[in-house]
Amino acid sequence: MFQPFVLFKPEFIDRLLNLKRIYAVTQHYDFRSYDVNADIKTNILLSDYDDLGAAKNHLRILSADQFAAVIHLAKDSHAAKLHQMLKPSSDYRVYWSSLYNKQELKRKIDSDYALAIDFYLKRFKEWKDNSTEKYYKDLQLMNGELYITVKSKTQTIDIKFRDIVELMS
C-alpha cells in the first residue's frame, strides 16, 4: 500500500536548519494501513515548523501521545537525540511529514485513489455537488496529516488521506 511520507534521513536536519525550520514535532503514527511491516519498530512522524508557536499548537493536539515532543533542531542535545533515533539500531522508524515531491505525490493519488475519492464524496453527507465536472485537488499538510483538498464550483472539502486509504481497505 502507498505510504505518503518519506523516511527522515540525517541530512534532512541540515536542510531544515538552512531553511530556518528549526522546530520539529514528533508524534506516534500508526502506519499499519500503509505498511504491513509497521509493527517491527515504533513509527514516529516528524513535522517541521519555522515558528515555535505553531509547533506548540501542534503539540497541544497530541496531549495523549507519549511520543509527542517539540525538538529544537538548533540545540545540540535535541539534534543528538534525533540522530540517535535515526540510527538503524534504534527502536524507531522516523518519517517526515513533508510534501517532498508534491507533483509526484499528486500524480500517484490522482491515478490510484481517484475512484476512492469519488466514492468518499458520494458518501459524504455535506458534499452537495453532484455535477460531473472535474474536481480540483490539492495536497496540504496539517498537524502531521496529509489532506486532499477537493474543490468544485460550489464547494471545498479537506479529506484526510488516511480516511481514503482506510476506505479502500
Side-chain angles (χ1 to χ4, degrees), residues 1-52 54-113 116-117 120 137-149 158-169:
M1 183 68 61
F2 174 65
Q3 198 285 101
F5 302 119
V6 295
L7 280 171
F8 193 84
K9 299 175 185 172
E11 57 267 24
F12 292 162
I13 295 172
D14 286 336
R15 183 177 174 188
L16 290 173
L17 289 170
N18 289 335
L19 293 170
K20 307 279 191 259
R21 298 188 68 80
I22 61 173
Y23 305 104
V25 174
T26 57
Q27 67 188 85
H28 179 261
Y29 201 81
D30 183 3
F31 283 101
R32 282 179 291 184
S33 49
Y34 303 122
D35 181 358
V36 292
N37 297 316
D39 292 332
I40 297 169
K41 290 188 171 201
T42 300
N43 292 299
I44 300 294
L45 186 63
L46 183 141
S47 303
D48 59 276
Y49 295 93
D50 60 358
D51 175 66
L52 181 59
K56 285 183 176 180
N57 283 338
H58 183 172
L59 185 65
R60 260 188 292 261
I61 294 168
L62 305 170
S63 61
D65 185 341
Q66 70 182 22
F67 298 100
V70 173
I71 297 174
H72 191 305
L73 297 173
K75 288 187 177 179
D76 290 341
S77 61
H78 288 218
K81 176 64 177 171
L82 182 54
H83 276 287
Q84 264 186 323
M85 293 172 70
L86 296 174
K87 289 183 179 177
S89 59
S90 84
D91 292 334
Y92 305 101
R93 183 181 298 120
V94 181
Y95 289 90
W96 188 13
S97 174
S98 169
L99 297 177
Y100 192 72
N101 186 339
K102 188 174 182 177
Q103 292 305 92
E104 177 63 21
L105 184 57
K106 188 173 181 334
R107 186 198 60 73
K108 179 81 171 155
I109 289 172
D110 285 345
S111 68
D112 295 356
Y113 296 90
I117 292 169
Y120 181 93
K137 296 182 205 87
D138 195 16
L139 306 175
Q140 62 180 325
L141 294 169
M142 290 186 282
N143 298 318
E145 286 281 355
L146 177 63
Y147 283 82
I148 303 166
T149 301
D158 292 321
I159 307 168
K160 270 189 191 179
F161 181 68
R162 184 193 298 238
D163 292 345
I164 299 299
V165 171
E166 289 173 1
L167 186 65
M168 293 178 68
S169 304

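Values reported hereafter were calculated over all heavy atoms of this structure, with side chains retained and with hydrogens, waters and symmetry mates removed.
For the atom pair CD1 (Ile71) and CE (Met85), the distance works out to 6.0 Å, reported to the nearest 0.5 Å. To the nearest 0.5 Å, the span separating CG on Leu139 from CD on Gln103 amounts to 8.5 Å. Here His58 contributes atom NE2 and Ser97 contributes atom OG; the two are 7.5 Å apart, rounded to the nearest 0.5 Å. For the atom pair Leu105 CG and Leu146 CG, the distance stands at 5.5 Å (nearest 0.5 Å).
By the 4.5 Å heavy-atom criterion applied to side chains, Ile164 and Arg162 are not counted as neighbours. Taking the side chain as every heavy atom from C-beta outward, Ile22 and Leu16 never approach each other to under 4.5 Å. Using a 4.5 Å heavy-atom cutoff, the side chains of Phe67 and Gln27 are not in contact. Put simply, the side chain of Gln140 reaches to within 4.5 Å of the side chain of Asp158, judged on heavy atoms. Side-chain contact check for Thr26 versus Tyr92: every heavy-atom pair is 4.5 Å or farther apart. Residues Lys102 and Asp138 are in side-chain contact: their nearest non-hydrogen atoms beyond the backbone lie under 4.5 Å apart. Between His83 and Pro10, the closest side-chain pair of non-hydrogen atoms falls below 4.5 Å. By the 4.5 Å heavy-atom criterion applied to side chains, His28 and Gln66 are not counted as neighbours.
A search for side-chain hydrogen bond (donor to acceptor under 3.5 Å, both in side chains) contacts involving Asn143 returns nothing, not counting sequence neighbours. Tyr23 pairs by the ring-ring contact (aromatic ring centres under 6.0 Å, His included) definition with His72, not counting sequence neighbours.
Within a 6.0 Å sphere centred on CD of Glu104, heavy atoms belonging to other residues, nucleotides or ligands number more than 12.
Shortest non-hydrogen contact noted between Val25 and Ala55 is CG2-O, 3.4 Å. When all heavy atoms of Ala79 and Leu73 are compared, the pair lying nearest together is CB-O, 3.7 Å. The two residues Ile109 and Ile148 come nearest to each other via the heavy atoms CG2-CD1, 3.9 Å.
Among Tyr29, Tyr95, Phe161, Trp96, the one residue that satisfies the ring pair (Phe, Tyr, Trp, His ring centres under 6.0 Å) test with Phe5 is Tyr29.
With hydrogens and angles ignored, the 3.5 Å screen pairs a side-chain donor or acceptor of Lys41 with a backbone N or O of Pro88.
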